[in-house]
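Below you'll find the structure, written out as structure tokens, and then a few comments.
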Amino acid sequence: MDILTTITQYPNQQFTLVLQDNETALMRLYYNARMESWFFDLQYKELTINGVKVVLHPNILRQFRNIIPFGLGILSESYVEPFEIECFANNRVEIGILTKDEVEEIEAEVYYND
């Protein structure tokens, strides 16, 4: 799993995620102060996913596991949801890019799916 290390406390950010086989996906991460929540949009090939609330999850893209060859893990050692604008900048919460093999491993170990 590759951890995104360039996330700052700025409320509107955009990243190019480098995936396996040098494929890429475009991610927009944005903070809604009124809701005290982070959200993201993701574009991969012809698939566009908008307005996903960032919560702690082993693979927040799980519902797309049969469509896309990667996942995103939202992790925190403190088990506290990412509600602060600086939670990524101070590394309290991290976003990791999961490979296809890691997605399958999570399915087997967390959800008991083969």
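Because only heavy atoms are used, hydrogens play no part in the values below, and waters and symmetry mates are left out as well, while side chains stay in.
Taken together through direct or relayed side-chain contacts under 4.5 Å among Ile, Leu, Val, Met, Phe, Trp and Tyr, Val55 and Leu29 form part of one hydrophobic cluster.
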Is there a side-chain contact (heavy atoms from CB on, under 4.5 Å) between Thr48 and Asp41 once you walk through the steps?
CA-CA 7 Å; Thr48 301; Asp41 300 337; over 6 Å; no
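Annotation for Phe39: hydrophobic cluster partners, listed by chain and number, are Tyr30, Met35 (ILVMFWY side-chain heavy atoms under 4.5 Å, direct or chained). Taking Ile, Leu, Val, Met, Phe, Trp and Tyr as members and joining any whose side-chain heavy atoms lie under 4.5 Å apart, directly or through other members, the hydrophobic cluster of Tyr111 also contains Met1, Ile3, Leu75, Leu98, Val103, Ile106, Val110.
For the atom pair CZ (Arg28) and CD1 (Ile49), the distance works out to 14.5 Å, reported to the nearest 0.5 Å. If you take CD on Glu102 and CD on Gln20, they are separated by 8.0 Å, rounding to the nearest 0.5 Å. The line from CD of Glu86 to CD1 of Ile7 is 13.5 Å long, rounded to the nearest 0.5 Å. Between the OG1 atom in Thr24 and the CD atom in Gln43 there is a gap of 9.5 Å [rounded to 0.5 Å]. Distance check: Leu56 CG to Ile74 CD1 gives 8.0 Å after rounding to the nearest 0.5 Å. Of the inter-residue distances, the one linking Thr8 atom OG1 with Gln13 atom CD reads 3.5 Å to the nearest 0.5 angstrom.
Listed by first and then second residue, the ring-ring contact (aromatic ring centres under 6.0 Å, His included) pairs involving residues 79-110 are Trp38-Phe88 (not counting sequence neighbours).
Side-chain contact between Val93 and Val54: absent, with no pair of heavy atoms (C-beta onward) separated by less than 4.5 Å.
No more than 12 heavy atoms of other residues, nucleotides or ligands shown are found within 6.0 angstrom of CD on Glu77.
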Could you give the side-chain donor-acceptor pairs of residues 58-68 under 3.5 Å, partners two or more places apart or in another chain?
| from | atom 1 | to | atom 2 | distance (Å) |
| --- | --- | --- | --- | --- |
| Asn59 | OD1 | Leu61 | N | 3.1 |
| Asn59 | OD1 | Leu72 | N | 3.2 |
| Arg62 | NE | Glu107 | OE2 | 2.6 |
| Arg62 | NH2 | Glu107 | OE1 | 3.1 |
| Arg65 | NE | Glu107 | OE1 | 3.4 |
| Arg65 | NH1 | Arg62 | O | 3.0 |

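Judged as a salt bridge (Lys or Arg N to Asp or Glu O under 4.0 Å), and not counting sequence neighbours, the contacts of Glu84 are Arg92. Remark: Tyr44 pairs with Phe70 by the ring pair (Phe, Tyr, Trp, His ring centres under 6.0 Å) rule, at least two apart or across chains.
Closest of all the heavy-atom pairs between Tyr31 and Glu36 is OH-CA, 3.4 Å.
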